[in-house]
Amino acid sequence: MAFDSLSEKLQNVFRNLRSKGRLTEDDVKAALKEVKLALLEADVNFKVVKQFTKSVQERAIGSDVMNGLNPGQMVIKIVNEEMVKLMGSETTELLLKPSNEITVLMMAGLQGAGKTTTTAKIAGKLKQKGRKPLLVACDVYRPAAIDQLKINGEKQGVEVFAMGDKNRPVDIAKAAMEHAAKGGFNVVIIDTAGRLHVDEEMMAELVEIKENIEVTETILVVDAMTGQDAVNVAGTFDEKIGIDGVILTKLDGDTRGGAALSIRAVTGKPILYVGMGEKLSDLEQFYPDRMASRILG
Ligand code: GDP
């Protein structure tokens with residue numbers, strides 16, 4: 001399961017803290033050193049870890065906490081609160097226009113991150129909410145991606161707009177917008193092409209779509225299993241094309257937690273959803289407080 005190792009380590013630190021009646025400053029510092037190591041081992045961004053432990057320490061060494069009835073519990077509470085803050089505190093919803101307008105979601109991400117699967121997952125969620133989504137197959141470099149989107153769209157009962165692999169993505173997207181307007185669709189979800197690595201051509205393609213179509217939200221799909229790489233990818237995409245939110249996939253695997261804990265703090269962009277499996281229903285809203293509870297056990 002995700003975060004197992006991190007959770008176990010943090011729980012050990014907390015068990016030690018709880019067992020002490022009174023806490024000295026040195027006790028807190030020693031505990032936070034352990035927390036720091038556990039976070040670094042979980043592949044949390046170095047700067048984020050530093051800032052996080054500094055904030056916890058400043059709050060924990062305040063006299064109220066140290067003189068509290070149960071100082072260990074207080075420190076744990078502070079760690080929890082700071083962790084929730086790290087992940088953005090509040091749940092961020094997808095920004096949808098009113099139903100009589102067309103919301104355009106552009107899905108971006110590297111190959112294998114789970115973009116095409118997630119695109120279909122989102123369509124299902126929006127359909128459940130009473131929206132009429134249209135999926136658009138703009139990944140023209142990987143013909144299998146077009147078929148995959150068609151198959152998944154069918155499973156979700158959502159129409160897929162495709163023009164094969166001979167047209168330019170921007171032209172497919174434009175045609176899809178016309179189709180959406182005629183067909184009464186109110187959400188257009190564009191599945192764009194990924195690459196194995198960030199490259200200029202991919203970015204240029206995404207920028208071109210954004211220049212020609214009024215994209216409501218650009219959503220980046222990243223693989224939680226890749227840890228800090230996912231965070232770096234998010235930073236680069238934001239810089240090059242501008243992103244509004246992130247979906248973190250494969251959180252059902254044995255990911256260490258680094259991406260979930262760093263993305264918001266490093267990029268300033270919220271995690272909107274998390275992918276919890278390969279099935280099309282395995283997409284969950286992201287709740288910073290629940291995630292912190294899960295990690296802290
Ligand atoms: P794309 O290249 O980014 O479009 O990636 P795909 O959508 O083709 O997904 C790549 C692989 O990851 C597929 O085998 C998906 O089933 C799998 N996948 C996607 N999301 C998740 C997830 O949340 N959990 C798990 N376990 N697998 C996922």
Side-chain angles (χ1 to χ4, degrees), residues 1-4 94 105-126 133 135-156 158 160-162 164-165 169 172-173 176 188-199 201-203 205-206 209 217-227 229-234 236-238 240-241 243 245-261 263 271-287 290-291 294-295:
M1 269 299 285
F3 314 129
D4 268 359
L94 261 184
L105 307 177
M106 184 170 88
M107 311 294 292
L110 293 184
Q111 223 172 70
K115 184 171 38 56
T116 302
T117 310
T118 305
T119 301
K121 287 179 177 177
I122 293 267
K125 277 238 177 306
L126 294 175
L135 288 166
V136 184
C138 280
D139 187 350
V140 293
Y141 303 99
R142 205 164 59 93
I146 302 177
D147 292 336
Q148 191 188 343
L149 196 66
K150 280 183 183 164
I151 291 165
N152 286 338
E154 200 165 306
K155 281 191 198 158
Q156 300 286 55
V158 172
V160 175
F161 184 89
D165 57 2
I172 300 172
V188 169
I189 312 174
I190 305 174
D191 184 26
T192 63
R195 303 280 199 280
L196 286 177
H197 305 283
V198 169
D199 82 21
E201 200 189 352
M202 166 176 62
M203 294 300 182
E205 199 172 289
L206 297 172
I209 294 176
E217 289 216 87
T218 302
I219 300 167
L220 181 71
V221 179
V222 290
D223 178 348
M225 303 286 283
T226 63
D229 278 347
V231 180
N232 294 334
V233 165
T236 309
F237 269 80
D238 190 37
K240 304 265 184 194
I241 62 165
I243 60 173
V246 175
I247 295 180
L248 202 54
T249 62
K250 307 185 196 179
L251 228 67
D252 51 309
D254 59 354
T255 170
R256 287 180 289 166
L261 285 168
I263 280 189
I271 297 175
L272 302 169
Y273 290 98
V274 287
M276 298 300 293
E278 296 192 77
K279 287 205 305 288
L280 293 181
S281 53
D282 295 332
L283 186 73
E284 294 177 8
Q285 185 119 42
F286 180 70
Y287 298 99
R290 288 188 204 170
M291 187 59 74
R294 219 174 115 188
I295 293 171

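All ligand and atom numbering here is 1-based and tracks the order in the structure. One-based numbering along the sequence shown.
- Nearest protein heavy-atom contact of atom 26 (N) of ligand 1 is D252 OD2, 2.8 Å.
- Here the heavy atom of the protein found nearest to atom 8 (O) of ligand 1 is Q148 NE2, 3.1 Å.
- Considering only residues two or more places apart in sequence or on other chains, D147 meets the side chain to side chain donor-acceptor pair (under 3.5 Å) condition with none of them.
- For the residues G109, G114, G277, the heavy atom positioned nearest atom 21 (C) of ligand 1 is part of G277.
- Here the closest heavy-atom approach between residue I243 and residue A234 is recorded as CD1-O, 3.9 Å.
- Under a 4.0 Å criterion applied to the non-hydrogen atoms of T116, ligand 1 contributes the atoms 1 (P), 4 (O), 7 (O).
- With sequence neighbours left out, K155 forms a salt bridge (charged side-chain N to carboxylate O under 4.0 Å, His left out) with no residue at all.
- For atom 13 (C) of ligand 1, the closest non-hydrogen atom on the protein side is E278 OE1, 4.1 Å.
- In terms of protein heavy-atom proximity, atom 10 (C) of ligand 1 is closest to G112 O, 3.7 Å.
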Show the numbers, then the answer: is there a side-chain hydrogen bond (donor to acceptor under 3.5 Å, both in side chains) between Y141 and Q111?
CA-CA 11 Å; Y141 303 99; Q111 223 172 70; over 6 Å; no
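- When only non-hydrogen protein atoms are considered, atom 18 (N) of ligand 1 lies nearest to K250 CE, 3.9 Å.
- If you number the atoms of ligand 1 from 1 as listed, the ones under 4.0 Å from a heavy atom of A113 come out as 3 (O).
- Shown in contact with G275 at under 4.0 Å from a heavy atom are these atoms of ligand 1, numbered in order with element: 23 (O).
- Of all heavy-atom pairs between P133 and I189, the closest is CB-CD1, 4.3 Å.
- A distance-only check finds no donor-acceptor pair linking the side chain of T218 to the backbone of M106 [under 3.5 Å].
- Judged purely by atom type and a 3.5 angstrom limit, D282 has no side-chain atom pairing as donor or acceptor with the backbone of G275.
- Less than 4.0 angstrom separates some heavy atom of Q111 from each of these atoms of ligand 1: 2 (O).
- Of all atoms in ligand 1, numbered sequentially from 1 with element shown, those under 4.0 Å from a heavy atom of L110 are 3 (O).
- The proximity of K121 to ligand 1, defined as any non-hydrogen pair under 4.0 Å, is limited to the side chain.
- Closest to atom 3 (O) of ligand 1 among all protein heavy atoms lies K115 N, 2.7 Å.
- Heavy-atom neighbours of Q285 CD from other residues, nucleotides or ligands within 6.0 Å: above the threshold of 12.
- Atoms of ligand 1 lying under 4.0 Å from at least one heavy atom of M276, given by number and element, are 23 (O).
- For the pair R294 and Y287, the cation-pi criterion (under 6.0 Å, within 45° of the ring axis) is not fulfilled.
- Looking only at heavy atoms of the protein, atom 7 (O) of ligand 1 is closest to T117 OG1, 2.5 Å.
- A donor-acceptor pair is defined here as one N or O able to donate and one able to accept, closer than 3.5 Å; no such pair exists between the side chain of T192 and the backbone of C138.
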